[in-house]
Structure formats: structure tokens, C-alpha cells
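Following: one structure in C-alpha cells, then a few remarks.
Just so we're clear, the structure is a prediction, and the values are computed from it rather than from any experiment.
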Amino acid sequence: MDGSVARPRPFLALGLRLATAATLATMAMLVKLAGEPGAHLAELVFWRQFISLICIAALLAAWGKLGTIRTKRFGAHTLRAAYGLTGMFFVYGAVILLPLAEATAISFTAPFFAVLLAVVLFGEKVGMYRWGAVALGFSGVVVLTQPAFGLGGATGMDPIGAVVGLVAAFMVALISFQIQDLNKTEAPWTIVFWFVALTTPVAALALPFVFQPHDAQTWGIIVAMALCGALAQILLTTSLRFGSAGVILLMDYKSLLWATWYGFSVFDRAPPASLWLGAPLIVAAGLLIAWRERQIAVARQKTQTTEV
């Protein structure tokens with residue numbers, strides 16, 4: 001679906017993505033927790049990037065690996081930073097506007113957007129299985145979000161939040177392709193460093209307008225959120241070095257378990273019935289895409305072996 005992988009190691013990629021899902025779910029919980037006392041979205045994005053930049057630069061200096069940030073693809077890193085910063089605002093915005101479980105379930109549409117992007121960006125031919133999976137997945141989104149748009153029932157889901165969540169999922173898919181392309185020539189640390197280095201000054205532009213004092217507990221949450229974000233970024237980038245974006249994105253489904261548990265234990269909110277009806281359709285569609293991707297990969301490998 002998404003071009004070649006720098007160093008194919010599928011089981012390592014899946015394991016790294018599982019760890020990424022848990023870390024991202026924890027970060028989302030901390031974002032929501034920090035937003036409750038009034039921390040602004042733009043401020044959270046800045047601190048996430050600024051603290052990550054300090055930590056990553058310090059680690060690279062301590063390990064004597066600052067030389068690894070040299071790059072001949074500054075333009076590609078700049079584009080990744082622009083898309084990444086935009087995506088972060090939508091991801092954080094969805095978490096703040098929606099309950100954790102619902103925001104997480106909507107994020108599962110990323111593999112469907114990956115299919116659409118594969119057609120647009122790579123001219124890939126997509127058969128009935130994957131188009132059927134996309135249709136099934138988005139039907140799950142309709143079931144999940146229909147109370148928000150007045151089509152029946154009421155879960156309190158913010159319709160703006162639902163739209164923000166869908167845009168966030170699209171950005172996640174787009175950024176995954178970008179990272180996978182960068183991984184062909186760049187080390188994971190290089191990709192992560194330039195992302196935080198290029199976006200931190202841009203995010204700082206909003207700080208004079210949104211900064212406000214916080215108590216010690218809120219600062220602790222913000223720092224923990226930023227550290228989780230840095231770790232998740234490293235894990236995510238490394239996973240895309242070893243595995244296909246269209247397949248390993250499916251491991252993000254595990255984050256629904258984390259999000260549901262955090263939603264109940266931290267925010268005392270049980271998931272609505274629409275989540276249990278819509279999420280299985282989305283997950284089933286993603287698994288269908290993974291199964292079809294595996295079939296295509298095996299067939300391609302057999303063809304290459306025969307030609308050799």
C-alpha cells in the first residue's frame with residue numbers, strides 16, 4: 001500500500017506499535033487532564049514540543065550522537081513538521097473535545113484514510129476487499145457519531161469534536177506515509193529531532209497569548225504528558241522503520257482498551273452504547289485491510305521469487 005519499508009521486521013514493528021498505542025493513550029489522558037483546569041490547547045502543544053526537544057537533544061549529546069541529526073532532506077523534514085504540528089492540534093483538540101474512548105475510536109479511521117491516500121499518492125489499485133473495508137469502517141464511524149449529528153439518541157458527543165477527530169485521523173495516516181519515506185534515508189532520532197526542533201519555535205508564537213500560571217500538580221501533568229509524547233514519537237517513528245504504515249496502524253486498536261479504562265478510572269465516564277456498536281465495525285474493517293495487505297504482500301513475494 002505505502003511503498004517499501006527501510007528494514008522489514010514485522011514482528012518488531014508490531015511490538016513497537018503496541019507500546020506506542022499504550023504510550024499515546026496515556027498521553028491523551030494527560031492532555032485531557034491538563035485541559036480540565038484550563039491549560040490551553042496551544043500551550044500544551046508548545047510544552048509537549050519544547051520539553052521533548054530538551055530531552056532528545058540532551059540524550060543525543062550524552063550518547064555522543066549529535067552528529068546523527070545531519071540531514072540532506074531538510075525540505076522533507078520541514079514538510080513533515082508542518083503536517084505534524086497541524087495533526088497534533090487536531091489530535092489534542094479531539095481529545096479535549098471528546099470523551100477519551102470516543103476520540104480513540106474515531107482515530108481508528110486512520111487505516112481507511114491510508115487506503116485512500118495510497119490511491120491518490122501512489123496510484124495504487126485497490127480492489128473490492130479494501131474498498132469494502134473502507135465502507136464498513138466508515139459505517140462504524142456513522143454509528144459511533146450519529147448521536148452527535150442528531151440522527152438519533154444522545155451521548156453528549158460534540159459534533160465539532162467528531163469532525164476534528166476525523167481530520168486528526170486523516171493527518172495521522174498522511175504523516176505515517178511521510179515518516180515511512182523519511183525512514184528510508186534518515187535515522188529515527190534524526191526524524192524526531194527535526195520534528196521537535198522545527199515545530200517548537202512555531203508553537204512558541206502562540207505562547208504570549210495563551211500562557212497562564214499553573215499549580216504544581218498541573219505542571220506535573222504537563223511534564224508527564226510531554227515525556228509520554230517524546231517516547232511515543234520515538235516508538236512510532238521506529239515502528240514505521242520496520243513495518244508498513246497500512247498494517248501497523250492496526251495495532252493502535254489496542255489503545256481503545258487503555259482509553260476506555262482511563263475514561264472510567266480517571267474521568268468516571270463509562271462508554272456509551274454507540275461505542276460498542278460502532279467500534280467493532282471499525283476494528284473489523286481494519287483487520288480486513290490487514291488481512292488483504294498480507295495476501296498482497298505474500299503474492300508479491302512469490303512473484304519476485306519466481307522471477308529470480
Any side-chain heavy atom of Phe267 sitting closer than 4.5 Å to one from Leu33? yes

Just wondering, are more than 12 heavy atoms of other shown residues or ligands nearer than 6.0 Å to CZ in Phe90? no

Side chain Thr200, main chain Ala197, donor-acceptor under 3.5 Å: no

Please confirm whether the backbone N or O of Leu98 pairs with a side-chain atom of Lys32, one donor and one acceptor, at under 3.5 Å? yes

Are Leu30 and Phe264 linked, directly or through intermediate hydrophobic residues, by side-chain heavy-atom contacts shorter than 4.5 Å (ILVMFWY only)? no

For residues Phe195 and Leu85, report the shortest heavy-atom separation together with the two atoms involved. CE1-N, 3.9 Å

Are Leu182 and Ile56 grouped together when hydrophobic residues (ILVMFWY) are joined by side-chain heavy atoms under 4.5 angstrom apart? no

Is atom CG of Asp215 surrounded by more than 12 heavy atoms (other residues, nucleotides or ligands) closer than 6.0 Å? yes

Within the distance-only criterion (no hydrogens, no angle test), does the side chain of Thr260 pair as donor or acceptor with the backbone N or O of Ala101 below 3.5 angstrom? no

Nearest 0.5 Å, what's the CD-CD1 distance between Gln49 and Ile54? 12.0 Å

Looking at every non-hydrogen atom in both residues, tell me the closest pair between Val45 and Ala203 and how far apart they are. CG1-CB, 4.4 Å

Gln217 atom CD, over 12 foreign heavy atoms within 6.0 Å: no

Between atom CE of Met225 and atom OG of Ser52, what is the distance when rounded to the nearest 0.5 Å? 8.5 Å

Testing the basics here: between Glu43 and Trp219, what is the closest heavy-atom pair and its distance to 0.1 Å? OE2-CH2, 4.4 Å

Can you name the closest pair of heavy atoms from Ala57 and Leu66 and give their distance? O-CD2, 4.1 Å

4.5 Å side-chain heavy-atom contact, Ile234 and Trp189: yes

Considering all heavy atoms, the nearest Ala25-Ala259 contact: CB-N, 4.5 Å

Is Trp63 reachable from Val192 through a run of hydrophobic residues whose side-chain heavy atoms are each under 4.5 Å from the next? yes

Do Leu174 and Phe113 come close enough that some side-chain heavy atom pair is under 4.5 Å? no

Report yes if some heavy atom in the side chain of Leu79 is under 4.5 Å from a heavy atom in the side chain of Tyr83; otherwise report no. yes

Do Phe74 and Val196 belong together in a cluster built from hydrophobic side chains that touch within less than 4.5 Å? yes

Residue pair Leu53 / Phe193, side-chain heavy-atom distance below 4.5 Å: yes

So, the side chain of Gln212 versus the backbone of Gly38: is there a donor-acceptor pair under 3.5 Å, distance only? yes

Test side-chain contact (heavy atoms from CB on, under 4.5 Å) on Val164 and Phe89; report intermediate values, then the result. CA-CA 9 Å; Val164 169; Phe89 272 97; over 6 Å; no

What is the distance from atom CG of Leu60 to atom SG of Cys55, rounded to the nearest 0.5 Å? 11.0 Å

Euclidean distance, Leu235 CG relative to Leu231 CG, rounded to 0.5 Å: 4.5 Å

Distance (rounded to the nearest 0.5 Å) between Ile96 CD1 and Leu41 CG: 5.0 Å

Are Ile191 and Val91 grouped together when hydrophobic residues (ILVMFWY) are joined by side-chain heavy atoms under 4.5 angstrom apart? no

Might you confirm whether atom CZ of Phe211 has over 12 heavy atoms from other residues, nucleotides or ligands at distances under 6.0 Å? yes

Grab the two heavy atoms, one from Cys228 and one from Met27, that are nearest each other, plus how far apart they are. CB-CB, 3.9 Å

So which of Arg80, Arg73, His77 actually passes side chain to side chain donor-acceptor pair (under 3.5 Å) with Glu186? His77

Plane angle bin for Trp261 and Trp258 - parallel if under 30°, tilted between 30 and 60°, otherwise perpendicular: perpendicular

Return the CZ to OG1 distance between Phe46 and Thr199, rounded to the nearest 0.5 Å. 10.0 Å

